[in-house]
Amino acid sequence: MFTPHGDHSFRIKDSILINYPMGQFNIEGVDLAWSKILDAIEKKGLKRWYLIEYLSKDVIGTYETLDALMKYYTISRNRGCQKFFLVSECSEIEKKKVMDAFKKADITVEIVDSLENAIATIDLLEKS
């Protein structure tokens, strides 16, 4: 086992979790970050929630790391996540790797150009 690499912060507002991964992640970094996220969701008692993933310019992951991440998206879907959103400032190469990982894992994600638009879409979903 390796030392976890990668940093992140997240916040939960109502039924929305916004995750801010930063830097270069290894599998152990993904595992550590997502154990914190899933623990926070459980502690909040959220049964129905949304995830916005905000990828910064410096976020990097290997294909193996992205496979590990997709495992947590599947777990999230099984634990009440209604929809996944992606706001990306990362390079086109990293963005393509991420989108390929979603496709391979058969996970639907909506790409949006800002946090505000993701939140507005969630508000519309909740009202319908």
**Student:** So, do L17 and K44 sit near enough that their side-chain heavy atoms are less than 4.5 Å apart?
**Tutor:** no
**Student:** How long is the span from the CD atom in Q24 to the OG1 atom in T62, to the nearest 0.5 Å?
**Tutor:** 8.5 Å
**Student:** With sequence neighbours excluded, what pairs up with D58 under the side chain to side chain donor-acceptor pair (under 3.5 Å) test?
**Tutor:** S56
**Student:** Mark yes or no for whether N26, through its side chain, and F2, through its backbone, hold a donor-acceptor pair below 3.5 Å.
**Tutor:** no
**Student:** Could you check if a side-chain atom of L86 sits within less than 4.5 angstrom of a side-chain atom of M99, using non-hydrogen atoms only?
**Tutor:** yes
**Student:** Taking a hydrophobic cluster as the set of Ile, Leu, Val, Met, Phe, Trp and Tyr residues connected by side-chain heavy atoms closer than 4.5 Å, whether directly or through intermediates, do I60 and Y63 fall within one such cluster?
**Tutor:** no
**Student:** So which pairs with a foot in residues 118-128 pass salt bridge (Lys or Arg N to Asp or Glu O under 4.0 Å), sequence neighbours left out?
**Tutor:** R48-E126
**Student:** Using the side chain to side chain donor-acceptor pair (under 3.5 Å) criterion, which residues pair with K83? Sequence neighbours excluded.
**Tutor:** E110
**Student:** Name all pairs fulfilling the salt bridge (Lys or Arg N to Asp or Glu O under 4.0 Å) condition that reach into residues 63-76, sequence neighbours left out, sorted by first residue then second.
**Tutor:** D31-K71, D67-K104
**Student:** Can you name the closest pair of heavy atoms from K57 and E89 and give their distance?
**Tutor:** CG-O, 3.4 Å
**Student:** Which residues, ordered by chain and number, are linked to I27 in its hydrophobic cluster, where ILVMFWY side chains connect at heavy-atom gaps below 4.5 Å, directly or through other members?
**Tutor:** none
**Student:** Check whether the ring centres of F102 and F84 lie less than 6.0 Å apart, and answer yes or no.
**Tutor:** no
**Student:** I'd like to check Y73 versus L51 (side-chain heavy atoms, cut-off strictly below 4.5 Å). Are they in contact?
**Tutor:** yes
**Student:** Tell me whether the rings of W34 and Y72 are parallel (<30°), tilted (30 to 60°) or perpendicular (>60°).
**Tutor:** parallel
**Student:** How many angstroms lie between atom OG1 of T108 and atom NZ of K103, to the nearest 0.5 angstrom?
**Tutor:** 12.0 Å
**Student:** Could you list the residues that satisfy side-chain contact (heavy atoms from CB on, under 4.5 Å) with A40, not counting sequence neighbours?
**Tutor:** F10, I12
**Student:** For K96, enumerate each residue passing the side chain to side chain donor-acceptor pair (under 3.5 Å) test, keeping only those at least two apart in sequence or located in another chain.
**Tutor:** D100
**Student:** With a 4.5 Å limit on heavy-atom distance, are the side chains of E94 and L55 in contact?
**Tutor:** no
**Student:** Can you list everything that forms a salt bridge (Lys or Arg N to Asp or Glu O under 4.0 Å) with D106? Sequence neighbours excluded, please.
**Tutor:** none
**Student:** For N78, what residues pass the side chain to side chain donor-acceptor pair (under 3.5 Å) criterion, not counting sequence neighbours?
**Tutor:** none
**Student:** Using a 4.5 Å cut-off on heavy atoms from C-beta on, say whether the side chain of K47 contacts that of R79.
**Tutor:** no
**Student:** Which Ile, Leu, Val, Met, Phe, Trp or Tyr residues join I119 in one cluster when any pair of side-chain heavy atoms under 4.5 Å counts as a link?
**Tutor:** I16, I18, Y20, Y50, I52, Y54, F85, V87, V112, L115, I122, L125
**Student:** Holding to ring-ring contact (aromatic ring centres under 6.0 Å, His included), I want the full list of residues that pass it with H5, two or more places apart in sequence or in another chain.
**Tutor:** none
**Student:** Within a strict 4.5 Å, meaning less than it, do heavy atoms of the K97 and L66 side chains meet?
**Tutor:** yes
**Student:** By salt bridge (Lys or Arg N to Asp or Glu O under 4.0 Å), which residues pair with E53, not counting sequence neighbours?
**Tutor:** none
**Student:** Between F25 and L38, is there shared hydrophobic-cluster membership here, with clusters defined by ILVMFWY side-chain heavy atoms closer than 4.5 Å?
**Tutor:** yes
**Student:** Mind checking whether S76 and W49 have side chains closer than 4.5 Å, heavy atoms only?
**Tutor:** yes
**Student:** Please tell me if the side chains of V98 and S88 come closer than 4.5 Å, counting only heavy atoms from C-beta onward.
**Tutor:** no
